[in-house]
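Accompanying notes for the structure given below.
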Amino acid sequence: MPPASPALPTVDTGLAWDHRFADLGPAFHTRLPPTPLPAPYPVAHSPEVARLLGLDPAWLATEDALQLFSGNALPAGGDTLASVYSGHQFGVWAGQLGDGRALLLGETAQGWEIQLKGAGRTPYSRMGDGRAVLRSSIREFLCSEAMHALGIPTTRALCLMGSPAPVLRESVETAAVLTRVAPSFIRFGHFEHFAARGQTTELRQLADYVIDRYYPACRTTPDFGGNAYAALLQAVAQRTAELIAQWQAVGFCHGVMNTDNMSILGLTIDYGPFQFLDAFAPGHICNHSDTQGRYAFDRQPGVAYWNLLCLGQALHPLAGEVDTIRAALQAYPRTFQDALARRLRAKLGLSSPHEGDEALVQALLTLLAQDGVDHPIFWRRLAHAVDSGDFSPVGALFSNRAAWAAWLLSYSERLALVDKALAAKLMLKTNPKYVLRNHVAEQAIRAAAQGDMAPLHTVQRLLAHPFDEHPGHDAWADFPPDWAAHLAISCSS
Ligand code: AMP
Ligand code: MG
């Protein structure tokens with residue numbers, strides 16, 4: 001148990017609260033306050049998320065907000081708790097995990113859960129210190145908002161507070177608390193937890209809660225003879241498939257796709273050693289701790305399916321026969337293939353399918369991989385090339401010019417079938433100019449560690465509109481510098 005903390009002051013946010021997750025009962029969580037954080041200072045906030053919650057963005061700059069969102073005060077009317085879950089980590093059953101450093105502050109009446117990450121130890125901290133470091137918290141803050149701006153389902157980030165308090169990781173770093181927001185932070189691992197313990201009553205309670213709140217259509221669908229739990233599995237498989245297709249299309253590596261890091265709502269959750277691809281390398285491993293490459297970029301679609309199998313197994317006591325579960329899970333490969341094909345086509349400016357598209361896409365991906373072409377720059381230049389008709393800046397990215405020229409010929413034939421202006425427009429809205437690559441995050445982090453938040457705020461603004469040109473900021477959309485090749489991002493955060 002964490003040490004008892006002195007009574008914390010309360011802050012009135014003006015928010016109306018609701019406590020539906022808390023009302024599930026003590027089998028699901030432990031109530032406890034955050035651990036105070038010394039000398040907090042504001043690092044960043046998202047005005048958009050503030051407005052989403054019904055908070056005045058200006059209020060986030062106040063002393064009250066600073067104290068509340070660093071864990072030094074409690075929200076009036078809130079209900080602070082850590083939830084329990086289990087999960088498979090790197091393919092191995094890890095048993096009980098839980099919110100080891102995350103704390104639910106409460107749930108707004110509009111249905112947003114607000115969570116502090118890095119708010120101190122909980123009964124689920126195991127060997128951890130309950131803290132998060134500034135470096136990783138900046139990465140999560142920037143990336144969750146960047147993903148949202150890319151149209152990719154994700155938890156959101158309200159604000160980030162830092163502290164000079166030292167935190168030991170591979171070296172000594174400083175602490176930070178990230179306030180994140182989502183309709184729910186329930187993971188596959190929440191279901192695995194009760195299934196593994198044979199707690200079928202709680203398992204059913206959790207599934208009913210998730211269905212009633214987030215998947216009400218599962219109650220009325222005729223699929224699976226009206227079995228709402230099988231329908232839930234199918235719906236989660238579909239959402240997960242749509243999510244992973246978006247990751248693959250944009251070149252996002254999550255890095256730690258353990259079942260406890262898989263959202264039941266199909267959101268990107270728990271940003272750790274994630275990376276956006278620089279050079280296109282299908283087998284890229286972004287997590288320094290992932291020695292086997294289990295979570296390599298091109299293994300993500302398969303791993304998501306494996307994780308869904310774990311969820312299916314957990315739902316077995318409710319969803320019935322194995323054949324029913326298998327049928328529900330079939331939604332994953334079907335949805336994924338269609339979604340990925342659709343998204344890759346859109347990157348090429350092709351809004352509807354045509355015979356030969358798949359071969360065209362595959363040939364391109366092979367070329368990109370062979371030449372290790374920079375992924376974001378390639379797609380953005382291609383969009384501009386379709387717009388202007390000048391493909392030479394794209395060709396310059398390839399060393400195998402003959403292969404590129406051959407591919408371009410078949411692409412040009414395909415483009416002749418569509419309205420080029422519309423294609424270019426679609427591409428410029430699909431292929432972002434600004435992407436949170438490791439070197440971009442690193443520059444924001446290094447400046448912030450010196451007390452200079454300006455680069456972080458600039459990057460945040462660019463990533464909020466990643467498809468816009470933002471004249472004068474091209475350097476943030478450039479190739480990674482040489483020093484970035486040595487950045488190693490591990491699980492430790
Ligand atoms: P992750 O894979 O980083 O999402 O975390 C796996 C588990 O470890 C979760 O249950 C986290 O709550 C917990 N955890 C990670 N880092 C810490 C930490 N510094 N202190 C306490 N628990 C942690
Ligand atoms: Mg996690």
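Order of listing sets the numbers, starting from 1, for every ligand and every atom in it. Note that the structure is predicted; figures quoted are calculated from it, not measured.
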Quiz prompt | Heavy-atom side-chain contact between Tyr229 and His316 under 4.5 Å | solution = no
Exercise. May I ask you to check if ligand 1 and Asp99 share an N or O to N or O distance below 3.5 Å?
Key: no
Quiz item: Going by distance alone, is a donor N or O of one side chain under 3.5 Å from an acceptor N or O of the other, for Asn438 and Arg139?
Solution: yes
Quiz prompt | Backbone N/O of Gly100 and side chain of Ser125: donor-acceptor pair under 3.5 Å | solution = yes
Quiz item: Which heavy atom of Ile377 sits nearest a heavy atom of Asp374, and at what distance?
Solution: N-OD1, 3.0 Å
Quiz item: Which is closest to atom 2 (O) of ligand 1 by heavy-atom distance: Asp129, Leu97, Asn261, Val133?
Solution: Asn261
Exercise. Check whether any side-chain N or O of Arg239 sits under 3.5 Å from a backbone N or O of Ala237 as a donor-acceptor pair, and report yes or no.
Key: no
Quiz item: Within less than 4.0 angstrom of ligand 1, does Arg126 place any heavy atom?
Solution: yes
Quiz item: Which atoms of ligand 1 sit under 4.0 Å from any heavy atom of Asp270?
Solution: 4 (O)
Practice problem: Could you say whether the N/O atoms of Gln89 and ligand 1 ever approach to under 3.5 Å? | Solution: no
Practice problem: Check whether NZ of the Lys or CZ of the Arg Arg446 lies under 6.0 Å from the centre of the six-membered ring of Trp483 and within 45 degrees of that ring's axis. | Solution: yes
Quiz item: Is it true that some N/O/S atom of Asp260, main chain or side chain, lies under 2.8 Å from the Mg ion (ligand 2)?
Solution: no
Exercise. Would you mind finding which of Gly130, Gly100, Ala82 brings a heavy atom closest to atom 20 (N) of ligand 1?
Key: Gly130
Self-check item: 2.8 Å cut-off met by an N, O or S atom of Asn261 to the Mg ion (ligand 2)
Solution: yes
Quiz item: Relative to atom 17 (C) of ligand 1, which among Met257, Gln96, Met127, Arg101 owns the nearest non-hydrogen atom?
Solution: Arg101
Quiz item: What residue and heavy atom of the protein are closest to atom 5 (O) of ligand 1, and at what distance?
Solution: Asp260 OD2, 4.5 Å
Exercise. Could you say whether the N/O atoms of Asn258 and ligand 1 ever approach to under 3.5 Å?
Key: no
Quiz prompt | Atoms in ligand 1 with a heavy atom of Gly128 nearer than 4.0 Å | solution = 18 (C), 20 (N), 21 (C)
Exercise. Apply side-chain hydrogen bond (donor to acceptor under 3.5 Å, both in side chains) to Thr154 and Tyr271, showing your working.
Key: CA-CA 10 Å; Thr154 176; Tyr271 292 88; 2.5 Å; yes
Quiz item: For Asp270, what is the atom name of its N, O or S atom nearest to the Mg ion (ligand 2)?
Solution: OD2
Exercise. Please determine if Cys491 has a nitrogen or oxygen closer than 3.5 Å to a nitrogen or oxygen of ligand 1.
Key: no
Practice problem: Tell me, please, whether Trp306 has Arg299 positioned over its six-membered ring: NZ or CZ under 6.0 Å from the ring centre and within 45 degrees of its axis? | Solution: no
Exercise. Ignoring hydrogens and angles, tell me if any N or O in the side chain of Thr324 forms a donor-acceptor pair with the backbone of Gly320 under 3.5 Å.
Key: no
Quiz item: Gly98 heavy atoms, cut-off 4.0 Å: which ligand 1 atoms fall inside?
Solution: 9 (C), 10 (O), 11 (C), 12 (O)
Self-check item: Under 3.5 Å: donor-acceptor pair, side chain of Asn258, backbone of Asp260
Solution: no
Quiz item: Does Arg169 reach ligand 1, in the sense of a heavy atom lying below 4.0 Å from it?
Solution: yes
Self-check item: Mode of Tyr124 contact toward ligand 1 - side chain, backbone, both, neither (heavy atoms, under 4.0 Å)
Solution: neither
Exercise. Using atom types as modelled and distance alone, determine if a side-chain donor or acceptor of Asp99 lies under 3.5 Å from a backbone N or O of Arg101.
Key: no
